[in-house]
Enquirer: 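First the structure, then my questions, so here it is.
Quick note on labels: first sequence line is chain A, next is B, and so on, each numbered from 1. Just so it is clear, the structure is predicted and the values come from calculations on it, not from any experiment. Hydrogens, waters and symmetry mates play no part in the numbers below; they use all other heavy atoms, side chains included.
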2 protein chains.
Amino acid sequence: MPDSLSPATRAITIRDVATLAGVSVGTASKALNGRGKLRPETRERVTSAAEELGFRPNALARGLLSGRTFTVGLVTSDSFGRFSIPVMLGAEDALGAGQMSVFMCDTRDDPIRERHHIQTLLARRVDGLLVTGRRTEPRPSIGSDLPVPVVYAMTQSTSPDDLSVIPDDVGGGELAVRHLLATGRERIGHVAGPYRFLAARQRVAGMTKVLEEAGLPLAGGAPLHGEWSEEWGRQAADILLRAEPDTDAIFCGNDQIARGVAETVRERGRRIPDDVALIGFDNWEAMALASRPPLTTVDMSLGEVGRIAAEHLLAAIAGRPTSGGVETIPCQLVVRESTGPRRH
Amino acid sequence: MPDSLSPATRAITIRDVATLAGVSVGTASKALNGRGKLRPETRERVTSAAEELGFRPNALARGLLSGRTFTVGLVTSDSFGRFSIPVMLGAEDALGAGQMSVFMCDTRDDPIRERHHIQTLLARRVDGLLVTGRRTEPRPSIGSDLPVPVVYAMTQSTSPDDLSVIPDDVGGGELAVRHLLATGRERIGHVAGPYRFLAARQRVAGMTKVLEEAGLPLAGGAPLHGEWSEEWGRQAADILLRAEPDTDAIFCGNDQIARGVAETVRERGRRIPDDVALIGFDNWEAMALASRPPLTTVDMSLGEVGRIAAEHLLAAIAGRPTSGGVETIPCQLVVRESTGPRRH
DNA sequence: CTGAAAGCGCTAACAA
DNA sequence: TTGTTAGCGCTTTCAG
């Protein structure tokens, strides 16, 4: 029975190309890879034969031979969520430039699944692994004796031997408050995310540092910790404005909180930013732009986090490993209409 | 010089296992794969040798030999966006169950990049391709003579020979309006997304069908088309309520529009849902839950879309292809507080 | 029941 | 300059 119609036709091999060009496979290989000494005309014959047949070398065979597959595994515990996606895009960018393909695996926060995925990826002989997460909290290392380099992005390993790349939340907090100070605010409050989040605590730390340098107290005395939600923003704004009616700026733990705060501030008849300036965190555009007014916010440069992590991984794969430790990527201030000078 | 410390040590091969077990590689292979007839004791010796060495068969070698790699390529033009992600998760679910690993590629909407990614994936000998998008609009086929099966998810191919799986937007529109009718509404308006989106037009079609069946006119006479934004929702609600002050329900093209509509409705002193019921589309939880009140909405079951598409792909890979055409996946109504009976 | 050998598609030595 | 050969790690005949 003949190999029927279309989708089952055998793939083109270099032997087909060699035959069509009237040379041996070895010669064809050299011609296609620009190796060795060949008569230009021969090279040309092979090239066009390959072109004509639509030849694409079998990556499996190459990988088997060379020990390099030009693939990396991207293991995420964030179910491709809001934070890991920009990280992945940045990583894909850097890896794509290096001709690497990416295996994506979602662990659903399950250590068993994680181990299984890593085993599978190693069996596929990936050249390296990128581990991403949703939170910057330290997590257990995926292993210290793996046969390929590993870089953590948007999450950090508890092991100091591993390399982790995360956003600089402390710096982000500093950036936010410096901006508020620069626009003349002096009674600044802070509505934070849950205390159990490292990111929330670090943003507080950055803020505190800048306020202390400026010799200013925090409006309300202490940061208000709650959920990362608009609802919490609404509640907290109520609490804060009741306790400190002359608050003239509020730094919010994320954009959702900021949006909730904005609603309450407006409902209480204060103008933004004329009476109260507002700054968020994350630069989640769907939130920040739809808020009234659009939010000034801190962007964590997640694409950069992914890109840098991927570049470290590529370097390690190329035999130039970065030593272990945590690398933080600076945040960027994105100024919109919710901050500006006071107007009475 | 000895093979130094950890990360560069050669991977374990089946030959190592065979040697340790004191058998030939052929025997080891049979033992590990449960093939042929072996003395149980031999099988056991091999198994534990493999265990001891932490042997993982080289997937490249297997793929080279068998012609099956147990990988698929997932090509997205949505930059891992809000719509393609749930689709991918659903797909990964189905594929993972089939022991398939997934190569992720983002085309950034660039046909050149797309072709390049597909070539690369084919060179890697993926067993199949999944193409996803952000819009349900027909798009050019990625090719009719590819050596592997292809399924489109959350986007459709212009070619009737290709299989596409998309959400049933018409049905979603019907679902929404039927729910409004069931809660006793009779003056229903519609704030839609941009007319250039197929999804927007299909939701209108579903709505129209149900209203006609019920013999009711559309409040405002025609759907109001605009951007998929809160801002448009605010504007459109103003227009609609001015033109038809006794509107008692508004079906919105998506959750962002609904949220904008909600704000305006409240600002104009109407209660939701007592005076005006509101229903959104997408079930984007960050939006739908933060809206006041939380939005009843239509969920497109994107996870299902991805899962079903992946299952068709697996079936095709297994030699049982589904014939070409478009398969639509039903939407689900998610009832929250923005709809309910009228109360005067 | 087990071992030896061939071969998947490719590249790199070595011969011619 | 080109062809031949060996071998990457594995599975699968086919002998023993």
Enquirer: What is the distance, rounded to the nearest whole Å, between atom CG of B:Leu122 and atom P of C:dG9?
Expert: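 Rounding to the nearest Å, CG of B:Leu122 and P of C:dG9 are 16 Å apart.
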Enquirer: Before accepting this row, confirm whether a basic side-chain N of the pair A:Arg134/A:Asp109 lies closer than 4.0 Å to the acidic partner's carboxylate O.
Expert: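 Yes, charged N to carboxylate O under 4.0 Å.
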Enquirer: Please produce a list of atom pairs where a protein N or O lies less than 3.5 Å from an N or O of nucleotides 12-15 of chain D.
Expert:
| from | atom 1 | to | atom 2 | distance (Å) |
| --- | --- | --- | --- | --- |
| D:dT12 | OP1 | B:Arg35 | NH1 | 3.4 |
| D:dT12 | OP2 | B:Arg35 | NH1 | 2.9 |

Enquirer: Quick one: A:Ile14 CD1 to D:dT4 C1', roughly how many Å, whole number?
Expert: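 Nearest whole value for this atom pair: 15 Å.
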Enquirer: Categorize A:Thr42 for me: base, sugar-phosphate, or nothing, with a 4.0 angstrom heavy-atom threshold over every strand shown.
Expert: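 Counting heavy atoms under 4.0 Å across all strands, the contact made by A:Thr42 is with sugar-phosphate only.
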Enquirer: Is B:Arg39 near enough to C:dT2 that one of its side-chain N or O atoms lies under 4.0 angstrom from OP1 or OP2?
Expert: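 Yes, within the criterion.
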Enquirer: If we ignore hydrogens and angles and just use 3.5 Å, is the side chain of A:Glu137 paired with the main-chain N or O of A:Leu198 as donor and acceptor?
Expert: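 Checked: pair present.
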Enquirer: Between B:Arg108 and A:Asp93 (salt bridge meaning N to carboxylate O under 4.0 Å), is one present in this structure?
Expert: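 So B:Arg108 pairs with A:Asp93 through a salt bridge.
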Enquirer: Could you check how far CG of B:Leu64 sits from C1' of D:dC8, rounded to whole Å?
Expert: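 Taking CG of B:Leu64 and C1' of D:dC8, I get 9 Å after rounding.
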Enquirer: Verify the distance criterion only: is there a donor paired with an acceptor across the side chains of B:Arg124 and A:Ser101 at less than 3.5 Å?
Expert: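 There is such a pair between these side chains.
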Enquirer: Using a strict cut-off of less than 4.0 Å between a Lys/Arg side-chain nitrogen and an Asp/Glu carboxylate oxygen, indicate whether B:Glu114 and B:Arg139 qualify as a salt bridge.
Expert: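 So B:Glu114 pairs with B:Arg139 through a salt bridge.
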Enquirer: Taking atom P of D:dT11 as reference, at what distance in whole Å does atom CZ of B:Arg68 sit?
Expert: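 My rounded result for the distance is 15 Å.
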Enquirer: What heavy-atom pair brings A:Leu314 and A:Ala94 nearest, and what distance separates the two atoms?
Expert: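 Scanning both residues completely, I find the closest heavy atoms to be CD1-O, 3.6 Å.
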Enquirer: If you assign each of A:Pro57 and B:Arg45 to its closest nucleotide in DNA chain C, which residue comes earlier from the 5' end?
Expert: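 That would be B:Arg45.
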Enquirer: How far apart are the C-alpha atoms of A:Ser164 and A:Ser157, what are their side-chain angles, what is the distance that settles it, and do they pass the side-chain hydrogen bond (donor to acceptor under 3.5 Å, both in side chains) test?
Expert: CA-CA 7 Å; A:Ser164 309; A:Ser157 162; 5.4 Å; no
Enquirer: Write down the distance between NZ (B:Lys37) and C1' (C:dT2), rounded to a whole number of angstrom.
Expert: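 In whole Å, C:dT2 C1' and B:Lys37 NZ are 14 Å from each other.
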Enquirer: When you measure from the side chain of B:Thr13, which nucleotide among C:dG9, D:dG9, C:dC1 comes out closest?
Expert: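 The closest nucleotide is D:dG9.
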Enquirer: Rounded to the Å, how far apart are A:Asn58 CG and C:dC8 C1'?
Expert: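 It works out to 9 Å between those atoms.
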Enquirer: Can a donor-acceptor pair be found, under 3.5 Å and without considering hydrogens, that links the side chain of A:Thr132 to the backbone of A:Leu74?
Expert: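 No, A:Thr132 side chain to A:Leu74 backbone: no donor-acceptor pair under 3.5 Å.
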Enquirer: Need the bend value for the helix from C:dC1-D:dG16 to C:dA16-D:dT1: angle between end axes, 5 pairs each end, nearest 10°.
Expert: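 Roughly 60° between the end axes, to the nearest 10°.
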Enquirer: How many whole angstroms separate atom CZ of B:Arg15 from atom P of D:dT11?
Expert: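 Rounded to the whole Å, the gap is 13 Å.
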Enquirer: Whole angstrom is fine here: how far is it from CD1 in B:Ile12 over to P in D:dC10?
Expert: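 Checked: the CD1 to P distance equals 10 Å.
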Enquirer: With nearest nucleotide decided by heavy atoms, which residue, B:Pro40 or A:Arg62, maps closer to the 5′ end of DNA chain C?
Expert: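 Here B:Pro40 is the residue nearer the 5' end.
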Enquirer: May I ask you to say whether A:Arg113 pairs ionically with A:Asp106, meaning some side-chain N is under 4.0 Å from a carboxylate O?
Expert: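 No salt bridge links A:Arg113 with A:Asp106.
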Enquirer: Of all the choices, C:dC10, D:dC10, D:dG3, which nucleotide is nearest to the side chain of A:Ser24 once you look at every atom?
Expert: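 Given the options C:dC10, D:dC10, D:dG3, the side chain of A:Ser24 is closest to D:dG3.
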